[in-house]
Colleague: 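Got a structure here, written out as structure tokens. Questions coming.
Because the structure is a prediction, the values reported are computed rather than measured. Note that these values count all heavy atoms, side chains included, but never hydrogens, waters or copies made by symmetry.
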Amino acid sequence: MMTTVCKDPVLNVDTYGNIFMYATHRDLTTSPRHIIRMSEPVRPDLLQQALELALIRFPQMAVGLKRGKKAYSYRYVDKPPVVLPFDNHLSPYWMGSADTNGYLFLCGYNRNTIILEYHHCTCDGHGFDQFIRSVLFEYLTLCGHPVENDGSIRTRETEFDPQECEDAYPLLNDVPRSDANHHEDIEVFHMPEYDSKTDANELVTEIAFPFASLKAFTKKNGGSPLTFIMTALSRAMALTYFSADQEKPVIAAEIPMDMRALVPSETTHFFLSLLDLPFFPEYHDMSFAEACRKCVEYFNTQRVLEHSAWWAKANGDNVYALHNADMPIAEKEKAMRDRARNYVRRDSFILTNIGAFNIPKSMQPYVLDYAAILPCAYQPFGVLVSSYKGYLKISLAQRDHNMDLVRNLLDTLASVGVHASTYSYPFHTTRYDGKHLAR
């Protein structure tokens with residue numbers, strides 16, 4: 001086995017996130033998107049300066065990739081970051097290429113909207129959130145707005161700690177781990193296979209409603225925001241895609257869970273446990289509230305420290321071993337891509353809850369709205385849940401563009417007192433393939 005461990009902590013690759021180096025945007029969600037709607041037109045010159053200032057505090061984001069003969073690795077980027085124009089929601093750019101000057105994040109703008117995407121090999125949603133908020137703080141300061149850091153933002157006035165880019169997966173060696181109650185592979189509902197050769201656009205619908213209306217339901221009936229959404233989505237999918245005479249198959253979601261809540265770390269790198277949450281056929285015959293509670297009961301067995309740590313370590317060790325295997329890069333790319341596709345096919349779709357987008361009160365008048373998108377990649381659906389200023393937003397990405405799913409989801413939500421607004425548009429994430437990297 002070769003070794004890809006680097007003495008420079010900024011250039012050291014984490015145990016699990018390296019799988020995204022070898023995959024493409026057709027295989028995994030290599031480039032999630034964050035969308036920030038500002039109160040005034042974006043000034044790209046100041047936004048570019050803000051990026052430069054934020055990179056002083058976040059050296060782990062000032063990296064690109066190089067494709068070696070046997071493995072990918074990080075490299076420092078010695079060019080300035082760029083701010084790219086967008087005409088719509090369809091990105092014409094390639095991540096890590098000359099388009100971004102080699103950087104593994106993209107910053108774009110369109111009128112009063114800032115678009116930020118990141119390559120998943122560098123960080124997860126929590127990690128990129130730290131960078132986003134730093135960029136916004138620097139940008140609003142350069143615009144002359146009276147914003148203040150309430151201590152929650154890692155600005156240049158705070159000190160960079162190399163542990164912020166540590167590989168946190170080795171921390172799992174020191175916590176209890178168990179495979180008890182592990183969700184074994186079962187046959188689940190799937191849409192027809194995605195023809196990745198076409199690289200077609202996705203359909204994204206942002207579904208927004210007051211967070212208070214969801215909390216009112218869960219407080220009265222039990223459940224949690226995530227299992228509430230799982231129940232609503234599963235019922236909407238059944239109404240949309242199941243025929244009346246067929247047996248109801250299991251609908252299962254892959255739930256990326258932030259391990260920092262169980263194993264404290266300041267890392268911005270990828271540190272998740274990818275858990276399963278099935279919606280069994282008998283749940284469809286229950287009331288909405290009872291189905292939510294059943295989902296909670298099941299998911300509680302998966303997210304306990306012992307299980308989530310065991311599953312995160314098992315997946316991380318497998319990917320780490322392949323990343324360090326002594327084999328030609330082309331063979332390793334194929335093996336990683338096959339592994340990625342086989343893994344995501346365990347479930348019907350991916351459901352990510354990244355929680356609240358929190359910024360200091362002094363910044364909120366200038367940041368009107370926030371959304372984030374989890375692209376489908378090889379899956380038929382990508383679902384991301386976020387919230388800002390008291391509103392919860394479900395960003396539903398679809399391959400098949402069937403609006404009946406959205407209509408059925410809205411009807412399902414309304415049936416339990418949650419009334420939502422929607423905004424739909426064609427979408428394409430920034431593409432990524434290691435053969436398109438900047439030289």
Colleague: How are the rings of Y370 and F357 set to each other: parallel, tilted or perpendicular (split at 30° and 60°)?
Modeller: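 Parallel, since the angle between the ring planes stays under 30°.
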Colleague: Assess the residue pair L171 and S265 against the criterion (side chain to side chain contact (heavy atoms under 4.5 Å, CB included)); give the C-alpha distance rounded to whole Å, side-chain angles, the decisive distance to 0.1 Å, and a yes or no.
Modeller: CA-CA 9 Å; L171 299 177; S265 171; 4.0 Å; yes
Colleague: With a 3.5 Å distance limit and no angle check, can you tell me whether R431 reaches the backbone of S91 through a side-chain donor-acceptor pair?
Modeller: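 Present.
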Colleague: Does the side chain of P85 come within less than 4.5 Å of Y109's, by heavy atoms?
Modeller: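 In short, these two side chains touch, coming nearer than 4.5 Å.
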Colleague: Say whether, by atom type as modelled, one donor and one acceptor occur between the side chain of R67 and the main chain of H436 under 3.5 angstrom.
Modeller: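 No: the side chain of R67 does not pair with the backbone of H436.
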Colleague: With respect to R33, which candidate in H89, H428, E117 satisfies the side chain to side chain donor-acceptor pair (under 3.5 Å) definition?
Modeller: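 Passing option: E117.
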Colleague: Evaluate the criterion side chain to side chain donor-acceptor pair (under 3.5 Å) for residue pair D8 and Y76; output intermediate values, then yes/no.
Modeller: CA-CA 11 Å; D8 185 338; Y76 282 110; 2.7 Å; yes
Colleague: Determine yes or no for a side-chain-to-main-chain donor-acceptor pair under 3.5 angstrom, with T29 supplying the side chain and P32 the backbone.
Modeller: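 No; zero donor-acceptor contacts below 3.5 Å.
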Colleague: Should the pair F131 and F58 be assigned to parallel (<30°), tilted (30 to 60°) or perpendicular (>60°) ring geometry?
Modeller: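 Perpendicular: the ring planes of F131 and F58 meet at over 60°.
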Colleague: Got M191 and R399 here, is their nearest side-chain heavy-atom distance under 4.5 Å?
Modeller: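 No; the side chains remain at least 4.5 Å from each other.
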Colleague: Does K332 reach the main-chain N or O of K70 with its side chain, forming a donor-acceptor pair under 3.5 Å?
Modeller: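 Here the side-chain-to-backbone pair exists.
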Colleague: Nearest 0.5 Å, please: how far is CG in D258 from CG in L272?
Modeller: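 Reported value, rounded in 0.5 Å steps: 6.0 Å.
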Colleague: Where does the angle between the aromatic ring planes of Y118 and H120 fall among parallel (under 30°), tilted (30 to 60°) and perpendicular (over 60°)?
Modeller: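 If you compare the ring of Y118 with that of H120, the planes turn out perpendicular.
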Colleague: To the nearest 0.5 Å, what is the distance between CZ on F381 and SG on C376?
Modeller: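 Rounded to the nearest 0.5 Å, the CZ-SG separation comes to 8.0 Å.
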Colleague: Quick check: Y93 with F86 (ring centres under 6.0 Å apart)?
Modeller: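 Between F86 and Y93, the centre distance is under 6.0 Å.
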Colleague: Any chance you could measure H182, atom NE2, to T301, atom OG1, to the nearest 0.5 Å?
Modeller: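 Rounded to the nearest 0.5 Å, the NE2-OG1 separation comes to 10.5 Å.
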Colleague: Using the ring of each side chain (for Trp, its six-membered ring), is Y432 parallel, tilted or perpendicular to H119, with breaks at 30° and 60°?
Modeller: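 Because their plane-to-plane angle is over 60°, the rings of Y432 and H119 count as perpendicular.
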Colleague: Let me know which of I354, V204, I373 forms a side chain to side chain contact (heavy atoms under 4.5 Å, CB included) with L384.
Modeller: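 Result: among I354, V204, I373, I354 is the only option passing the side chain to side chain contact (heavy atoms under 4.5 Å, CB included) with L384.
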Colleague: Is the backbone of Y72 close enough, under 3.5 Å, to the side chain of Y22 for a donor and an acceptor to pair up by distance?
Modeller: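 Yes; at least one donor-acceptor contact below 3.5 Å.
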Colleague: Within the structure provided, determine whether T24 and T30 are in side-chain contact (heavy-atom separation under 4.5 Å).
Modeller: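 No, their side chains stay 4.5 Å or more apart.
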Colleague: Is any side-chain heavy atom of L65 closer than 4.5 Å to one of M21?
Modeller: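 Yes, at least one pair of side-chain atoms sits under 4.5 Å.
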Colleague: For T205 and S424, which heavy atoms make the closest approach, and how far apart are they?
Modeller: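 Closest heavy-atom pair between T205 and S424: OG1-OG, 2.8 Å.
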Colleague: Is the backbone N or O of R341 less than 3.5 Å from a side-chain atom of D27, with the two atoms forming a donor-acceptor pair by type?
Modeller: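 Judged by distance alone, no pair lies under 3.5 Å.
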Colleague: For P225 and T218, which heavy atoms make the closest approach, and how far apart are they?
Modeller: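 Smallest interatomic distance, heavy atoms only, reads N-CG2, 4.4 Å.
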Colleague: Checking F299 now: which residues fulfil ring-ring contact (aromatic ring centres under 6.0 Å, His included) with it, not counting sequence neighbours?
Modeller: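 Residues passing ring-ring contact (aromatic ring centres under 6.0 Å, His included) with F299: none at all.
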Colleague: Checking the side chain of H401 only, and the main-chain atoms of N201 only, is there a donor and an acceptor separated by less than 3.5 Å?
Modeller: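 Yes; judged by distance alone, with no hydrogens or angles, the pair exists.
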Colleague: Side chains of K393 and I207: closer than 4.5 Å at any heavy-atom pair?
Modeller: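 When only atoms from C-beta onward are counted, I207 and K393 do not touch, as no gap falls below 4.5 Å.
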Colleague: Under the side chain to side chain donor-acceptor pair (under 3.5 Å) rule, what pairs show up with a residue in residues 350-363, not counting sequence neighbours?
Modeller: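 Every candidate side chain to side chain donor-acceptor pair (under 3.5 Å) pair involving residues 350-363 fails, so no pair, neighbours aside, qualifies.
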Colleague: Where do Q364 and Y388 land on the side chain to side chain donor-acceptor pair (under 3.5 Å) test, with the steps shown first?
Modeller: CA-CA 10 Å; Q364 292 179 13; Y388 179 61; 5.2 Å; no
Colleague: Test F20 against F270 for ring-ring contact (aromatic ring centres under 6.0 Å, His included), laying out the working first.
Modeller: CA-CA 10 Å; F20 294 95; F270 195 95; 5.4 Å; yes
Colleague: Would a distance-only check, ignoring hydrogens and angles, find a side-chain to backbone donor-acceptor pair under 3.5 Å from S234 to M230?
Modeller: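 Yes, because the side chain of S234 sits within donor-acceptor range (under 3.5 Å) of the backbone of M230.
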Colleague: Between atom CE of M363 and atom CG of N149, what is the distance when rounded to the nearest 0.5 Å?
Modeller: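 It is 8.5 Å, given to the nearest 0.5 Å.
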Colleague: Do the side chains of R57 and E138 get close enough for a salt bridge, i.e. N-O under 4.0 angstrom?
Modeller: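 The answer is no: the pair does not qualify as a salt bridge.
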Colleague: Under the side chain to side chain contact (heavy atoms under 4.5 Å, CB included) rule, what do L172 and W311 come out as? Steps first, then yes or no, please.
Modeller: CA-CA 10 Å; L172 302 178; W311 190 231; over 6 Å; no
Colleague: Where do H183 and Y298 land on the side chain to side chain donor-acceptor pair (under 3.5 Å) test, with the steps shown first?
Modeller: CA-CA 10 Å; H183 174 78; Y298 195 101; 3.0 Å; yes
Colleague: Looking at A397 and L374, what are the two nearest heavy atoms and their distance?
Modeller: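 Closest approach of A397 to L374: CB-O, 3.8 Å.
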Colleague: Checking Q302 side chain against S308 main chain: does a donor-acceptor pair fall under 3.5 Å?
Modeller: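 Judged by distance alone, no pair lies under 3.5 Å.
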Colleague: Could you report the tightest heavy-atom contact between N18 and Y320, atom names first, then the distance?
Modeller: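 That would be ND2-CA, 4.5 Å.
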Colleague: Do L277 and L351 come close enough that some side-chain heavy atom pair is under 4.5 Å?
Modeller: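 Of all side-chain heavy-atom pairs linking L351 with L277, none is under 4.5 Å.
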Colleague: Tell me whether D433 is salt-bridged to K435, with the criterion being a basic N under 4.0 Å from an acidic carboxylate O.
Modeller: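 No.
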Colleague: Keeping S348 on the side-chain end and F189 on the backbone end, is there a donor-acceptor pair under 3.5 Å?
Modeller: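 Indeed, once roles are kept as given, a pair shorter than 3.5 Å links the two residues.
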Colleague: A side-chain contact here means heavy atoms from C-beta on lying under 4.5 Å apart; do L405 and M237 qualify?
Modeller: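 L405 reaches M237 side chain to side chain.
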Colleague: Under the side chain to side chain contact (heavy atoms under 4.5 Å, CB included) test against Y103, which residue among V63, V82, L55, L51 passes?
Modeller: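 The passing option is L55.
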Colleague: Would you call T268 and R154 a side-chain contact if the rule is heavy atoms closer than 4.5 Å?
Modeller: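 Result yes, sub-4.5 Å side-chain heavy-atom pair found.
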Colleague: How many angstroms lie between atom CZ of F128 and atom CZ of F105, to the nearest 0.5 angstrom?
Modeller: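 With rounding to 0.5 Å, CZ (F128) is 7.0 Å from CZ (F105).
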Colleague: Distance check, rounded to the nearest 0.5 Å: R339 atom CZ versus L28 atom CG?
Modeller: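 Reported value, rounded in 0.5 Å steps: 12.0 Å.
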Colleague: Would R133 count as a cation-pi partner of F137, with NZ or CZ less than 6.0 Å from the six-membered ring centre and within 45° of the ring normal?
Modeller: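 Checked: cation-pi criterion not met.
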